[in-house]
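To find a chain, count down the sequence lines: A is the first, B the second, and so on, and within it residues start at 1.
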Number of protein chains: 2
Amino acid sequence: MDVDPSLSEYTELQEQESRSLLRLIEEMGIATADRTYRPGDAVYRQGEYGDALYVLVSGVLKLFRPYSGSKEATLRLLTSWDIFGHLAFAGEARQRAYAEAVTECRVTKIPKVFVERAVRQEPRVAFKIMTLLELRLVQYEELVKCLLPRETEVRLANLLPILAQKFGDRQDGVVTIDLRLTHQDLAAMVASTRESVTKVLNEMRNRDLIEVDAGRITLKDWRALVKLSGP
Amino acid sequence: MDVDPSLSEYTELQEQESRSLLRLIEEMGIATADRTYRPGDAVYRQGEYGDALYVLVSGVLKLFRPYSGSKEATLRLLTSWDIFGHLAFAGEARQRAYAEAVTECRVTKIPKVFVERAVRQEPRVAFKIMTLLELRLVQYEELVKCLLPRETEVRLANLLPILAQKFGDRQDGVVTIDLRLTHQDLAAMVASTRESVTKVLNEMRNRDLIEVDAGRITLKDWRALVKLSGP
DNA sequence: AGAGTCTTGCTGGAGCTTTTACAGGCCGTA
DNA sequence: TACGGCCTGTAAAAGCTCCAGCAAGACTCT
């Protein structure tokens, strides 16, 4: 059961930093806009002007973007304490993806001007934000790692451990990804097709690497998966 | 000559922010380690502990990482005023790629403790760093955009404008990428093979989209390239 | 100028993925 | 209960990439 040690540290670190960031902001008496989104609701759209820091407090949310004309790629699947949105300290920036709630989500939005005030008043806020931005970079690097190999099998072998890390539920020495994922969902995450994912997933099941139950995937042989993903 | 307006703003913004960051740090009397690297020298290696902020002052530098066993992907090609390195404000982090000088490079290294001191003393430093981190995120998003489509042609059609944006030399209404790039170099950037790049580049040349002279690529028809890259 | 190295160009076959098409299963709703 | 919609499982054809190998051209260093 060798979970990449660095990644699991990152998950904890992120929760810790996000929580204390919100706490600090609250203690400073700075207003935040909390809102709940229902499945399918859009938090923002690609191209909108962004000028706020978003923190996902609970629920699952996805960032996606169209590519190759009619396809859709999921760039990040977020869970509690992930941050998202471009806040554009200098100049203005547009959102580079769509943000859509997958399950019911609670989102805290901190407008740019308040973030700036908080950073000026309290350097610790700056450290939290810088750390969270770096963790977001790491997530992008993980995505790139998924996309570099061309075979769907290898891409999935890279993706599944990442999902297990983030949405994993550990029991009896195996990890179950606690999400109902369709093959289509997985295909969007590795920029492949539903058919290829179906094929690969069945192969993995036949080789006893994974188990699928009601859309929930259990990783039965982490070591073999990591081996597949290529060192 | 429609260069993506947001990306060109980003290039200027980055130079501005990096320069003023270094100026601020200097004014505060904080020590930085400046060093020159020769082509091929490694600034750091994947897996090393990172605890500094690196600023590339001049030259060209690449971040790369092995994948699929024996291949090598170039994650970012950096030029003046790009920042790199994981500095791990909280906890410790390892470098997630190799950093290697392509041409002679001048690099300013600001150790983590000094960055922390500067941020505490002067909130403006924090804003600069946060802005630079966000720009790095944008660069990763661009890389992902390159990797999402599977055909080498589309990937290159995405990559070339990005390179032109960053290394472009504008003359007579056309842009020349001011770098000697071999097909192998390009292949490493789009995670493809040298043969495929050769083929696609020749096609593009035949269609009068680009021109190649001594390893330097000129984009003759920006609009058609962007069209190829898929909206 | 010459030798050696790197780069480019081209090929054919093997391997995956994509595309298209179709059938059966599951589920929620009318 | 019946219907429609979404999800899974297969299959065949077409396309592109990858691999291995080879030859000619360009460049560099001595």
- Does any donor atom in the side chain of B/Arg45 or B/Tyr98 lie under 3.5 Å from an acceptor atom in the other side chain? no

- So, B/Arg155 versus B/Asn158: side-chain donor-acceptor pair below 3.5 Å or not? no

- Taking side chain as C-beta onward, heavy atoms only, is A/Thr36 less than 4.5 Å from A/Glu104? yes

- Message: Is there a side-chain contact between B/Leu53 and B/Leu132 in this structure, where contact means two heavy atoms from C-beta onward sitting under 4.5 Å apart?
- Response: no

Starting from [atom2] on [N], measure out to [atom1] on [X] and report it in whole angstrom.
{"X": "B/Gln184", "N": "C/dC6", "atom1": "CD", "atom2": "P", "value": "12 Å"}
{"X": "B/Leu186", "N": "C/dT7", "atom1": "CG", "atom2": "P", "value": "12 Å"}
{"X": "A/Glu153", "N": "C/dT17", "atom1": "CD", "atom2": "P", "value": "8 Å"}

- Carboxylate-amine/guanidinium proximity below 4.0 Å for A/Asp169 and A/Arg216: no

- Do B/Arg96 and A/Glu142 meet the salt-bridge criterion of a basic N to acidic O distance under 4.0 Å? yes

- Tested for salt bridge (charged side-chain N to carboxylate O under 4.0 Å, His left out) against A/Glu153, the lone hit among A/Lys227, A/Arg207, A/Lys199 is A/Arg207

- Task: For a side chain to side chain contact (heavy atoms under 4.5 Å, CB included) with B/Trp81, tell me which candidate from B/Leu135, B/Val57, B/Leu21, B/Thr11 qualifies.
- Result: B/Val57

- Item | Single hit among B/Val212, B/Leu163, B/Thr218 for side chain to side chain contact (heavy atoms under 4.5 Å, CB included) with B/Ile177 | B/Leu163

- Task: Return yes when atom NZ of A/Lys62 has more than 12 non-hydrogen atoms of other residues, nucleotides or ligands closer than 6.0 Å, and no otherwise.
- Result: yes

- Item | Any residue of residues 201-212 of chain B with a heavy atom less than 4.0 Å from an atom of DNA chain D | none

- Message: Expected output is a numbered-order residue list: members of residues 187-196 of chain A with a heavy atom under 4.0 Å from any atom of DNA chain D. What is it?
- Response: A/Arg194, A/Glu195

- Note on the structure: Note: chain B reaches DNA chain D at heavy-atom distances under 4.0 Å over the stretch, first to last nt, 5' to 3', of D/dT17 to D/dA20

- Inter-residue atom distance B/Asn202.CG - B/Ile210.CD1, 0.5 Å rounding: 8.0 Å

- If each of A/Thr198 and B/Ala214 is mapped to the nucleotide of DNA chain D with the nearest heavy atom, which maps nearer the 5' terminus, i.e. the 5' end? A/Thr198

- Query: Of A/Leu181 and B/Thr152, whose closest DNA chain D nucleotide lies nearer the 5' terminus?
  - Reply: A/Leu181

- Note on the structure: Heavy-atom nearest nucleotide on DNA chain C taken for A/Lys199 and for B/His183; more 5' hit belongs to B/His183

